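Notes for the one structure printed next.
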Amino acid sequence: MPLVLASSSPRRRDLLARLGVVPDRIAAPAIDEAQRPRELPRAYALRLAIEKAEAVDRAADEIVLAGDTTIALGRRILPPADSADVQRALLEKLSGRRHHCLSAVCVIAPDGQARTRLSDTIVAFKPLSTQEIDAYSECGEGLGRAGGYAIQGRAEAFVRFLSGSHSGVIGLPLFETRALLRAAGLPLG
């Protein structure tokens, strides 16, 4: 069965490769990612994963895989860092605190059934100095990323505690993804 990855993220492709899976097709969905009024982080991440999967055209025999990674500080959803100033503000908020990295996955099987899973990983950053925040912002690594950081890069040195899925923080929780793909009929070892 052909697999469609509803994401242009190279990180998601790399993570799928760890499962021995190469998408047959990549389609970047165009959806409105604005948070709805009073929408909580878990519901937000799941909604976006579902909407991304449903936004992609799918042939009758194809499986569609989509995901969303959301960083939450309490009930507040932190945006992706679209500038160095936003990134600095995000890192200041995360400094010395625990936050949740919610990584939602949606798989649509050839029969049209959509299945979802949500990985909730707790990440705690060490207290960050102004110099550490400035140096990380200057390297540009976390720009465009949820919460303003990339755990698979330099920001991993900021993590003093992690409970959950490391791959989920990168962008695709492999345990949950593997289970969903198998349930959709994709043969995996």
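Numbers here simply count residues along the sequence, with the first being 1. Just so we're clear, the structure is a prediction, and the values are computed from it rather than from any experiment.
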Gap between atom [atom2] of [Y] and atom [atom1] of [X] - 0.5 Å precision:
X      : Y      : atom1 : atom2 : answer
Leu102 : Asp120 : CG    : CG    : 5.0 Å
Glu92  : Ile133 : CD    : CD1   : 5.0 Å
Glu141 : Arg154 : CD    : CZ    : 6.5 Å

Backbone N/O of [Y] and side chain of [X]: donor-acceptor pair under 3.5 Å:
X      : Y      : answer
Gln35  : Glu39  : yes
His99  : Val123 : yes
Arg117 : Ala104 : no

Counting C-beta onward and ignoring hydrogens, is there a side-chain heavy-atom pair between [X] and [Y] closer than 4.5 Å?
X      : Y      : result
Leu172 : Ser167 : no
Arg145 : Pro80  : no
Ile63  : Leu65  : no

- Query: Is the Phe125-Phe161 ring centre distance short of 6.0 angstrom?
  - Reply: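 Here the rings of Phe161 and Phe125 have centres that are no less than 6.0 Å from each other.
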- Message: The criterion is side-chain contact (heavy atoms from CB on, under 4.5 Å); which residues satisfy it with Thr116, sequence neighbours excluded?
- Response: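 Listed in chain order: Leu46, Ile50, Cys106.
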- Listed partners of Arg58 passing side-chain contact (heavy atoms from CB on, under 4.5 Å), at least two apart: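 side-chain contact (heavy atoms from CB on, under 4.5 Å) check on Arg58 returns Glu62, Val64, Ile108.
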- Contact list for residues 169-189, test side chain to side chain donor-acceptor pair (under 3.5 Å), sequence neighbours left out: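 Applying side chain to side chain donor-acceptor pair (under 3.5 Å) to every pair that reaches into residues 169-189, excluding sequence neighbours, yields nothing.
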- Query: Any Lys/Arg nitrogen of Arg88 or Asp85 sitting under 4.0 Å from an Asp/Glu carboxylate oxygen of the other?
  - Reply: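 Salt bridge between Arg88 and Asp85, a charged N being under 4.0 Å from a carboxylate O: yes.
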- Task: Would you mind checking if Arg47 and Glu51 are paired as a salt bridge, meaning a charged N to carboxylate O distance below 4.0 Å?
- Result: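 Arg47 and Glu51: salt-bridged.
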- Item | Cluster check Ile151, Leu143: I/L/V/M/F/W/Y, side chain < 4.5 angstrom |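 No, because Ile151 and Leu143 fall into different hydrophobic clusters, even though each may have its own neighbours under 4.5 Å.
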- Chi angles and distances behind the side-chain contact (heavy atoms from CB on, under 4.5 Å) call for Ile26, Val4: CA-CA 6 Å; Ile26 294 172; Val4 179; over 6 Å; no
Search all heavy atoms of [X] against all heavy atoms of [Y] and return the closest pair with its distance.
X      : Y      : value
Ala27  : Val56  : CB-CG1, 3.7 Å
Tyr136 : Ala150 : OH-N, 2.9 Å
Arg115 : Ala109 : NH1-CB, 3.9 Å

